[in-house]
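See below for the structure under consideration.
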Amino acid sequence: AQSVTQPDIHITVSEGASLELRCNYSYGATPYLFWYVQSPGQGLQLLLKYFSGDTLVQGIKGFEAEFKRSQSSFNLRKPSVHWSDAAEYFCAVGNQAGTALIFGKGTTLSVSS
Amino acid sequence: GAGVSQTPSNKVTEKGKYVELRCDPISGHTALYWYRQSLGQGPEFLIYFQGTGAADDSGLPNDRFFAVRPEGSVSTLKIQRTERGDSAVYLCASRLPGQDPDTQYFGPGTRLTVL
């Protein structure tokens, strides 16, 4: 079955420290991979996406993610976290046909000063 | 330009009542999606429209849930005989097929509370 696993429910990072949020997927076809961020009371905002080509993709707000087919992973990284990055982060997988996205359960990021 | 909008932002109703949730997609986006996000969970797919027709309604949990998009733009999600378990945030997204890359853009959601 198709699925997305985000192993970490909650992560706390000091401001200025680096961040890595994990995402593993199970998908039969070539996956289209997304990271979305959701702040309290806000909708889901797309951070970055991977469809093909270079496996290291850059997104908004200084985020990047690396697609590793051998590990079925698409981890999100940021070299220096800001307090405003505190939010819920969702990894999702889709396909070329643009049908339903399958989301992970999310990782809540807290940033300590 | 304007993003996806959803109304109302909050809806409180009583068990057994009927509710309608509205979604206005980004202008020109022909694909529209409904998702449901329960507390502590990621969004779960409900239904996908391409134009006026439902291309995939496999995520609708039961026949109390129904959605329409009569003119291929605005969509309404309808829930009959609401149950407390229907309480969730209902998210709408739209997409412009063929746009490279194919990305779904989400609205702020409607928080439904069934008492």
Side-chain angles (χ1 to χ4, degrees), chain A residues 1-10 21-25 29-54 57-60 65 67 76 87-108, chain B residues 2-10 23-26 29-51 53-61 67 88-111:
Chain A
Q2 301 165 355
S3 65
V4 175
T5 301
Q6 294 181 246
D8 304 304
I9 296 174
H10 189 194
L21 301 182
R22 295 183 290 165
C23 173
N24 293 96
Y25 66 90
T30 301
Y32 282 35
L33 294 159
F34 305 81
W35 274 100
Y36 284 86
V37 61
Q38 186 176 41
S39 299
Q42 304 296 313
L44 291 161
Q45 181 183 20
L46 181 68
L47 284 175
L48 47 75
K49 50 197 173 282
Y50 171 78
F51 295 146
S52 64
D54 192 346
V57 293
Q58 303 296 321
I60 62 171
F67 171 61
L76 182 71
E88 184 115 25
Y89 291 80
F90 292 95
C91 180
V93 64
N95 59 33
Q96 187 177 17
T99 54
L101 292 176
I102 300 169
F103 284 85
K105 293 187 176 183
T107 297
T108 301
Chain B
V4 177
S5 63
Q6 294 185 244
T7 54
S9 55
N10 280 283
C23 172
D24 282 88
I26 294 172
H29 281 202
T30 56
L32 184 146
Y33 307 77
W34 285 99
Y35 292 83
R36 179 169 69 174
Q37 186 176 17
S38 300
L39 192 63
Q41 303 293 317
E44 293 179 309
F45 169 74
L46 295 176
I47 186 169
Y48 158 46
F49 286 90
Q50 182 54 52
D56 182 357
D57 65 357
S58 61
L60 294 177
V89 176
Y90 289 81
L91 297 168
C92 177
S94 70
R95 179 177 66 91
L96 183 61
Q99 183 182 36
D100 181 23
D102 287 333
T103 300
Q104 297 183 24
Y105 296 90
F106 284 82
T110 293
R111 181 176 298 278

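FYI, side chains are in, hydrogens and waters are out, and symmetry mates aren't considered; it's all heavy atoms of this structure.
Residue with the most contacts toward chain A among Pro43(B), Gly107(B), Gly109(B), Ala93(B): Pro43(B) (heavy-atom pairs, distance under 4.5 Å).
Looking at Glu88(A), neither its backbone nor its side chain comes within 4.5 Å of chain B, counting heavy atoms on both sides. Contact annotation for Gln37(B): only side-chain heavy atoms (C-beta onward) come within less than 4.5 Å of a heavy atom of chain A. For Leu44(A), the parts sitting under 4.5 Å from any heavy atom of chain B are the backbone and the side chain alike. Using a 4.5 Å cut-off between heavy atoms, Tyr32(A) does not touch chain B at all. Contact of Ile102(A) with chain B is not made at all, since no heavy-atom distance falls under 4.5 Å.
For Ser38(B), the side chain to side chain contact (heavy atoms under 4.5 Å, CB included) partners are Gln41(B), Ala88(B), not counting sequence neighbours. Applying the ring pair (Phe, Tyr, Trp, His ring centres under 6.0 Å) rule to Tyr36(A) yields the partners Phe103(A), Phe106(B); only residues at least two apart in sequence or on another chain are considered.
No more than 12 heavy-atom neighbours from other residues, nucleotides or ligands sit within 6.0 angstrom of CD1 on Ile9(A).
Side-chain contact between Gln50(B) and Tyr48(B): present, with at least one pair of heavy atoms (C-beta onward) separated by less than 4.5 Å.
Here the closest heavy-atom approach between residue Leu48(A) and residue Val57(A) is recorded as CD2-O, 4.0 Å.
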